[in-house]
Protein chains: 2
Amino acid sequence: MKNKLKVLRAEHDYTQDQLAKAVEVSRQTINAIEKGKFDPSLVLAIKLARLFKTDIEAIFIYEDQPS
Amino acid sequence: MKNKLKVLRAEHDYTQDQLAKAVEVSRQTINAIEKGKFDPSLVLAIKLARLFKTDIEAIFIYEDQPS
DNA sequence: TTACAATGTCAAGTTTATTTTACATTTTTA
DNA sequence: TAAAAATGTAAAATAAACTTGACATTGTAA
């Protein structure tokens with residue numbers, strides 16, 4: 001899963017720490033998600049989408065791979 | 001978090017087992033989510049939204065509680 | 001009314017998301 | 001250029017999502 005967090009954060013002029021506080025997670029969680037270490041929980045994805053006034057799927061790009 | 005999974009599943013005439021297979025999780029996972037035992041991962045939420053041709057937030061209703 | 005399908009649930013185990021603490025590196029600012 | 005701020009990263013711990021297997025209950029159809 002790819003994501004546009006870093007760009008959105010830059011556009012809104014937030015530091016990782018400020019964003020973390022805004023959505024109530026640790027700074028390391030924001031960093032790890034930006035770096036693609038893991039995907040956010042649904043709740044966190046919703047909070048981020050609301051904060052940036054966009055859709056979850058505009059931030060988190062998931063491409064289904066044929067199983 | 002509330003969700004409309006059971007209703008959507010009924011509208012589309014899926015059993016829990018059929019839905020589970022369609023989104024590649026176990027039947028127990030679908031049942032647990034319907035029953036509110038836990039929230040789906042972001043990937044599962046995306047798969048469900050795509051299957052039902054709707055938005056994640058139309059299926060999963062999260063109300064931010066003031067912290 | 002008996003069989004079968006669907007649903008509910010539980011326990012135990014695995015994987016993934018997230019936390020805290022800590023420190024190193026990079027970037028920005030005084 | 002030195003200090004401060006921001007970012008990257010890692011380990012250890014906890015919590016949450018999800019699996020498999022098993023069984024009980026409910027709903028449905030023969």
Can you tell me whether the side chain of A:E24 and the base of C:dT18 have a donor-acceptor pair closer than 3.5 Å?
no
Would you classify A:T29 as touching base, sugar-phosphate or nothing, given that sugar-phosphate means primed atoms plus P, OP1 and OP2, and contacts are heavy atoms under 4.0 Å?
base
A:Q16, nearest nucleotide to its side chain (from C:dT18, D:dT7, D:dC18)
D:dT7
Separation of B:K21 atom NZ from C:dA6 atom P, in whole Å?
10 Å
Pairing of A:K4 and A:E11 as salt bridge, 4.0 angstrom limit
no
Please report the distance, rounded to the nearest Å, between CG in A:D17 and P in D:dA4.
18 Å
Send over the distance from B:Q18 CD to C:dT7 C1', rounded to a whole Å.
13 Å
Does OP1 or OP2 of D:dC18 have a side-chain N or O of B:S41 closer than 4.0 Å?
yes
Whole-Å distance separating the CD atom of B:E34 from the P atom of D:dA17
16 Å
Do any side-chain nitrogens or oxygens of B:R9 fall under 4.0 Å of OP1 or OP2 in C:dT7?
yes
Please work out if A:T15 contacts a base, only the sugar-phosphate, or nothing of the nucleic acid, heavy-atom cut-off 4.0 Å.
sugar-phosphate
With the side chain defined as heavy atoms from C-beta on, B:R27 is closest, among D:dC18, C:dA17, D:dC23, to D:dC23
Atom-pair distance (CG on B:L19; C1' on C:dT7), nearest Å:
13 Å
Taking all non-hydrogen atoms of both residues into account, name the closest pair between B:D55 and B:A49 and its distance.
C-CB, 4.0 Å
Considering only heavy side-chain atoms of B:N31, the closest of D:dA17, C:dT7, C:dT18 is C:dT7
When rounded to the nearest 0.5 angstrom, what distance separates CG in B:D17 from CG in B:N31?
11.5 Å
In B:K6, B:E34, B:Q28, the residue satisfying side-chain hydrogen bond (donor to acceptor under 3.5 Å, both in side chains) with B:Q16 is B:E34
Within this structure, what is the CD1-to-C1' distance between A:I33 and C:dT16, rounded to whole angstrom?
12 Å
Heavy-atom nearest nucleotide on DNA chain D taken for B:S26 and for A:K35; more 5' hit belongs to A:K35
Whole-Å distance, B:K37 NZ to D:dA16 C1', equals 15 Å
Between C:dT18 (P) and B:F38 (CZ): distance, integer Å
15 Å
Might you point out which heavy atoms bring A:I59 and A:I61 nearest each other, and give the distance in Å?
O-CD1, 3.5 Å
Is there a donor on the side chain of B:Q28 or the base of D:dG21 sitting less than 3.5 Å from an acceptor on the other?
yes
